[in-house]
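Worth saying up front: this structure is predicted, and the values here are computed from it rather than measured.
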Amino acid sequence: MPTYLAKRLGQSLLTVFLTLTTVFLLVRLAPGDPAAAYAGPTATTADLARIRAQFGLDQPLLTQYGIFLRDLLTGDLGTSYSFHAPALDVVLDRMPYTITLAVSAITVTAVVAVPLGVWMARRADSKRELGANVLTITGQSMPDFWTGVMLLTVFAVLLPVLPASGFTSWSGLVLPTVTVAILQLALISRLVRREMTTALSSPYLTVARSRGFSERALTWRYALGNSGVPLLTAIGTRFAALLNGVVVVEVVFGWPGVGSLVVRALETRDYPLIQATVLVTATLAILVQLLVDLAYPLLDPRVRLGKAA
């Protein structure tokens, strides 16, 4: 286990480093001038030259990269051009909102999708299962922005029972959570249905059924237990993706998370803010994936980590 952890941590550090390097190069090669975005439309040539010198944008790309690596080792990701504050602090202030939305959405997904997928597997090829399949495919096909706008129209305009935007109270979490969870629910429930259908027709369950085990135990203990690894993988992967910020949903609902922060950073060509956002979200996503890997042996004792695998 220590060897496995050391190897995975080394891979994680390399992944974060390569991701940051890629983002560093791409944002500087993309069209647009951060000095012009910072100075505004009335800026003169002298103003732009002064701002580029202030932020070090007049240096060669290789020199900028060297300065970036030097500051990264000390935890300094620069000052945000638009917020005039340390970029890392700006991202960390927004991160709790994104984590709250991600945890809320993945919890709703797991609570609804797993029983729904089991129910669909138990009634495979029936008319009820066909209807549930149509609903999940529909949920999987609806774009996030359309779902969010429809929910806003119904529950914030026609029936003004929930806030339309922001996070002034916990009721403001409901509509963004449902919007995000609908797509995740459709994906996870169909995965559970597929895995459970295979498990329920397995020979070991036929033997267990002949020995008098109840259908409840066969379904929830044995079949679902043996479907735990792919289910945990899917939920962990979706949760890690949500931690990167649900950009469209956050913009639609005015959610103060890192997704809407990235949009503003890209609009203003705020290089330090983009790089800080990538660092924080990539680190969290990698940690989630590591925890998922470590949980595999708990769900299936046949899974072993390290060289013994």
Side-chain angles (χ1 to χ4, degrees), residues 9-99 165-167 240-241 243-252 254-287:
L9 289 175
Q11 293 174 346
S12 301
L13 289 175
L14 179 61
T15 301
V16 172
F17 172 75
L18 293 177
T19 302
L20 283 174
T21 299
T22 302
V23 170
F24 177 91
L25 295 174
L26 289 180
V27 296
R28 284 162 175 78
L29 294 176
D33 184 0
Y38 179 85
T42 60
T44 63
T45 304
D47 292 333
L48 296 178
R50 177 179 53 80
I51 293 171
R52 292 191 186 100
Q54 177 184 348
F55 294 135
L57 300 174
D58 58 340
Q59 301 291 330
L61 185 60
L62 189 59
T63 302
Q64 293 184 45
Y65 182 63
I67 295 173
F68 167 71
L69 292 180
R70 182 198 65 193
D71 294 340
L72 180 62
L73 294 175
T74 62
D76 181 11
L77 294 178
T79 301
S80 169
Y81 304 157
S82 50
F83 287 91
H84 307 286
L88 186 59
D89 292 346
V90 175
V91 175
L92 293 178
D93 287 342
R94 295 288 192 99
M95 202 64 214
Y97 296 99
T98 293
I99 293 176
S165 63
F167 187 33
L243 289 176
N244 290 326
V246 191
V247 177
V248 174
V249 175
E250 291 188 7
V251 171
V252 168
W255 190 259
V258 296
S260 55
L261 186 66
V262 168
V263 173
R264 178 170 178 177
L266 291 173
E267 289 175 347
T268 59
R269 301 297 188 273
D270 195 335
Y271 295 163
L273 192 55
I274 296 172
Q275 292 159 183
T277 303
V278 170
L279 174 64
V280 173
T281 55
T283 301
L284 286 176
I286 288 172
L287 287 176

Sub-4.5 Å side-chain heavy-atom contact between L261 and V90: yes

Q275 CD to T19 OG1 distance, which is reported to the nearest 0.5 Å: 12.5 Å

Under 3.5 Å, which donor-acceptor pairs do the side chains of residues 51-63 form with other protein atoms, sequence neighbours left out?
unit_1, atom_1, unit_2, atom_2, d
R52, NE, D33, OD2, 3.4
R52, NH2, D33, OD2, 2.4

Side-chain donor or acceptor of R269 paired with backbone N/O of V27 under 3.5 Å: no

With sequence neighbours excluded, residues passing side chain to side chain contact (heavy atoms under 4.5 Å, CB included) with Y65: F17, T21, F24, F68, L69

Sidechain-backbone polar pair: S260 side chain, P256 backbone, donor-acceptor under 3.5 Å: no

Side chain W255, main chain Y97, donor-acceptor under 3.5 Å: yes

Residue pair A276 / V91: nearest heavy atoms and the distance that separates them: CB-CG2, 3.8 Å

Value rounded to 0.5 Å, distance of CG in L13 from OG1 in T283: 8.5 Å

Minimal non-hydrogen separation, V258 against E250, with atom names: N-OE1, 3.6 Å

Stepwise side chain to side chain contact (heavy atoms under 4.5 Å, CB included) test for I274 and V262: CA-CA 6 Å; I274 296 172; V262 168; 6.0 Å; no

Spatial distance of atom CD1 (I67) from atom CG (D76) [nearest 0.5 Å]: 11.5 Å

Distance-only donor-acceptor check, side chains T74 and D71, under 3.5 Å: no

Value rounded to 0.5 Å, distance of CG in L287 from OG in S12: 7.0 Å

Shortest non-hydrogen contact between L77 and P272, atoms and distance: O-CB, 3.3 Å

Worked check of side chain to side chain contact (heavy atoms under 4.5 Å, CB included) between L14 and Q11: CA-CA 5 Å; L14 179 61; Q11 293 174 346; 5.7 Å; no

Audit row: L273, F83, side chain to side chain contact (heavy atoms under 4.5 Å, CB included) steps and yes/no: CA-CA 9 Å; L273 192 55; F83 287 91; 3.8 Å; yes

Heavy-atom closest contact (M95 atom, L243 atom, distance): CE-O, 3.3 Å

